[in-house]
Amino acid sequence: MRRYITVILSTILIALIILLIIDTRELKNLSDSRARESEGNNNGIKIGLSMGTLKEDRWLRDRDIFVARAKALGTDVIVQNANNNDEDQVEQVNYLLSRGIDVLVIVPNDREKSADAVEAAKKAGVKVIAYDRLVLKSNVDLYISFDSQEVGKLMAQALVDKVPRGNYLIINGDPSDNNTSLLKKGYDDVLAPLAKAGEINIIAEEWAEDWMSEYAFNITEKYLQKGTKIDAILAADDMLAAGAIRALSEYKLSGKAMVTGQDADLTACQRIVDGTQFMTVYKPVDRLAEEAVDMAVKLAKGESISVPNTIYDGKYDVPYYVLQPVAVDISNLDDTVIKDGFHNYDEIYGR
Ligand code: BGC
């Protein structure tokens with residue numbers, strides 16, 4: 001009986017000790033997060049981040065890094081996602097302004113319609129940064145982005161090096177995204193002379209509304225159904241690449257036509273390893289997001305920002321902070337995307 005009581009008492013004691021440990025840990029977590037919160041409000045600056053979409057993986061990353069950087073600087077961020085709806089985006093910006101933001105950082109869904117949002121911000125005395133995508137004719141205070149013209153050039157150059165002769169299909173992104181035009185400028189510079197010389201044959205050039213993968217699937221399928229031979233597909237991003245590759249695989253042609261993309265999405269990197277996607281363009285968006293926050297804080301403090309470049313928005317030359325993209329295929333995947341920790345080795349290879 002005595003042994004029995006001793007066992008019960010020691011079990012109760014152990015349970016109490018475990019509970020105490022858990023409780024202390026929870027209290028510590030709570031006080032840590034309170035400390036972080038109070039740190040997070042210490043410079044009194046509020047940024048409104050208006051995102052045209054969060055559909056592609058990269059935007060989630062942009063958002064998360066942006067918010068984390070702001071927090072580290074003690075700056076508040078309110079994020080809104082317009083889900084590819086232009087009217088909603090303008091409405092959301094008005095909401096952000098009503099919340100008293102000091103700076104608006106906008107990823108426009110439509111390069112023209114979003115000018116209304118910029119105008120509203122300017123009227124309220126709020127500085128505006130166009131993030132990754134330019135707003136036309138609105139004289140934003142800063143445009144920060146990867147060089148999209150260079151992205152187009154990198155895609156085209158990689159394709160012509162690999163497929164110097166053959167049938168090319170071009171699948172552009174949404175026509176209302178200014179990056180779509182910049183990409184086109186970039187790839188046209190490389191492809192047009194070769195098409196003119198009869199080296200390559202551009203079967204067609206099509207546009208995918210809202211950058212939807214489904215369109216890329218339908219476009220590719222349309223040509224495959226007609227029996228058109230496709231040697232190369234210039235797909236403007238990794239989501240479009242995914243759609244095109246899905247169509248190719250239905251015709252048992254994945255890996256046979258060389259497909260480009262951009263963003264270095266995890267699934268695109270996996271497809272590069274599988275041999276179904278030829279290349280992607282890696283844009284280290286962590287840097288973009290962090291620089292954008294730093295610039296936004298400077299603008300909010302009334303400090304001037306000096307960047308060496310400008311870009312014409314159709315009416316004004318606006319300050320342009322430009323970052324350089326990197327072409328990635330199987331030969332340099334490890335030395336770029338993995339080396340930077342953008343994705344880790346096991347995520348890409350260890351499936
Ligand atoms: C961005 C790409 C992105 C695409 C679709 C473009 O403006 O530059 O990185 O994949 O939008 O959201």
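All values derive from a computational prediction rather than experimental measurement. Residue numbers count from 1 along this sequence. The figures here come from the full heavy-atom set of this structure, side chains too, leaving out hydrogens, waters and symmetry mates.
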Do [Y] and [X] meet the salt-bridge criterion of a basic N to acidic O distance under 4.0 Å?
| X | Y | value |
| --- | --- | --- |
| K339 | D335 | no |
| D147 | K153 | no |
| K137 | E119 | no |
| R133 | D174 | no |
| R61 | D57 | no |

Review point. Above 12 or not: heavy atoms from other molecules or residues under 6.0 Å from NZ of K226?
Key: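 Correct, the count exceeds 12.
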
Exercise for review: Answer yes or no: are there more than 12 heavy-atom neighbours, outside K298 itself, under 6.0 Å from its atom NZ?
Suggested key: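 Incorrect, the count does not exceed 12.
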
Review point. To the nearest 0.5 Å, how far apart are OG1 in T180 and CZ in R111?
Key: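 These two atoms lie 7.5 Å from each other.
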
Exam field: side chain [X] to backbone [Y], donor-acceptor pair closer than 3.5 Å:
| X | Y | result |
| --- | --- | --- |
| Y349 | V273 | no |
| D263 | D237 | no |
| E150 | G186 | no |
| S138 | L136 | yes |

Review point. Just wondering, do E214 and R246 contact through their side chains at under 4.5 Å, heavy atoms?
Key: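 Yes. Closest side-chain heavy atoms under 4.5 Å.
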
Check your understanding: In a check of salt bridge (Lys or Arg N to Asp or Glu O under 4.0 Å) between K113 and each of D88, D86, D177, which one passes?
Key ->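 Of the listed options, the one satisfying the test is D86.
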
